[in-house]
Protein chains: 2
Amino acid sequence: MKGLLKEKNFSFAVDCIIFGYDGQDLKLLVIKRSFEPFKGKWSLVGGFLEDDESAEEAAVRVLKGLTGLDGLYMEQLHCFSEPKRGGAERIISVAFFALIDIQKYNQQINEDYHPAWFSINQLPELIFDHSAIVELAKEKLRYKAALHPLLFELLPDKFTMPQLQSLYEAVYNMEFDKGNFNRKLLSTKLLEKLEDKDMLNSKKGAFYYTVNLKKYSAGFKTFLNFVSSQYINE
Amino acid sequence: MKGLLKEKNFSFAVDCIIFGYDGQDLKLLVIKRSFEPFKGKWSLVGGFLEDDESAEEAAVRVLKGLTGLDGLYMEQLHCFSEPKRGGAERIISVAFFALIDIQKYNQQINEDYHPAWFSINQLPELIFDHSAIVELAKEKLRYKAALHPLLFELLPDKFTMPQLQSLYEAVYNMEFDKGNFNRKLLSTKLLEKLEDKDMLNSKKGAFYYTVNLKKYSAGFKTFLNFVSSQYINE
DNA sequence: ACAAAAGTGTTATGGGTACACCCATGC
DNA sequence: GCATGGGTGTACCCATAACACTTTTGT
């Protein structure tokens, strides 16, 4: 409140926590830093804010630069502003987490950044406070996905119930009863059963589904409490 | 990613959304701006970040300056960074929402800011994008309070069940069955019944309770889903 | 005695859980 | 025809919701 002009001894940046799923594990996409400080170390993808863009727009730009993809699911996580987050200069950063379909990503990948996927359970050391940021992102992902149909963003457009179940099991590190899982998800009315089956992963084959998130608000209530009670008690 | 030096054509600030409860309505504390631009208009309390403090620390400082109170419940809401949020200069702001007991506040109030409480349903016009920020804060408060025992922060240390129920009813704009409400809240084991009664608001009198949030994690599961299913369907 | 509000009891319903069972296919 | 994993049926349990009922006090 001391008037509008302040010295600004800091920069403003965004960092992206990018989650993917490979059919086995929940994964995080990180890059190998190509410049000092900490050249060669693993880091979240990030970038500085331009004068004419919001943090959201910066995050979209950064994500597109790395993944080549537009229109990803993205959400603001938190603003990290501790004066000593790491590094010499003070950088205030807004973190975003994004969910992407690994297959789509693989078609568009930008190798300039030397990106790599790590299983969420075996992350390498990251620079600055990025490890803590990722922890918070994992927590928020689990929290939010327990109440909202988010995780579909990690799967291809067509997926089977066993695939979906595996994904949830990977995210929550727990197992679900397949009968109850099926019923619960179908009861949301968000899924549409297709006519063809995936015959690769089992003899009988599993029907494909697509998700229709237009029905989302109607289906919200049934998502509430999904996973939650078990997850919280683990 | 263009190197570490950038021109910084913006300031960095915090804004506080302060909720209170007067026994009737959920209220918002705003101040009358004492300087240009928009002198005399209603505004959230805020302030610029100092060089050696985080946004959280700045918010605590700002809150203490206005309310005289320390140790308030406070939570980071969102970072607002649109280039044209309002005002000539570009200001990036992290919003925090805080919950305070109106009685305690009244003892410590700092009149310099010309503060005023407004019912959440009859808010005046606020400067810049503050009205939108408040909307988001209301949403988040309702969302989070449906799953976590937050609202106690708005009440005195001693409160009665009817008071607590009125608070929930004010926050969610709906009515609850007192029997079910009592059972639900007592089942969390977070409340301790005291021996004395409030004899002012009814003939029979209502027992006072205190809340023991140390037991919080244990009580979490029982809070999940509280209010939620009704609230979401409204 | 009566009104008013606090607080308890009772019952029906629906969702969650566990687990048994059936089904389609490849080998 | 048998093993494998997809998919369905079912019975129990418990939380919720609705609402009737009792209790305590002031007037």
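In what follows, chains carry the letters A, B, and so on, assigned in the order in which the sequence lines appear, proteins first and then strands, with residues in each chain numbered from 1.
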- Is a side-chain N or O of A:E153 found less than 3.5 angstrom from the main chain of A:L72, in a donor-acceptor match? no

- Message: In whole Å, I'd like the distance from the CZ atom of A:F176 to the P atom of C:dG16.
- Response: 13 Å

- Message: In this structure, is the centre-to-centre distance between the rings of A:F152 and A:F159 below 6.0 Å?
- Response: yes

- Query: Is the ring centre of A:Y143 less than 6.0 Å from the ring centre of B:H148?
  - Reply: yes

- Item | Test salt bridge (Lys or Arg N to Asp or Glu O under 4.0 Å) applied to B:K158 and B:D101, B:D198, B:D196, the passing residue | B:D196

- Note on the structure: A:F181 atom CZ is separated from C:dA18 atom C1', nearest whole Å, by 17 Å

- Could you tell me the separation between the CD atom of B:Q163 and the P atom of C:dG7, rounded to a whole number of Å? 11 Å

- Let me know the distance between CD of B:Q165 and P of C:dT8, rounded to the nearest Å. 13 Å

- Message: At under 4.0 Å between heavy atoms, how does the protein contact nucleotides 3-12 of chain D? Give one character per nucleotide, 5' to 3', with B, S or -.
- Response: BBBBBBBB--

- Item | B:N121: partners by side-chain hydrogen bond (donor to acceptor under 3.5 Å, both in side chains), with sequence neighbours left out | none

- Message: For A:F118, give me all partners under ring-ring contact (aromatic ring centres under 6.0 Å, His included), at least two apart in sequence or on another chain.
- Response: A:W42

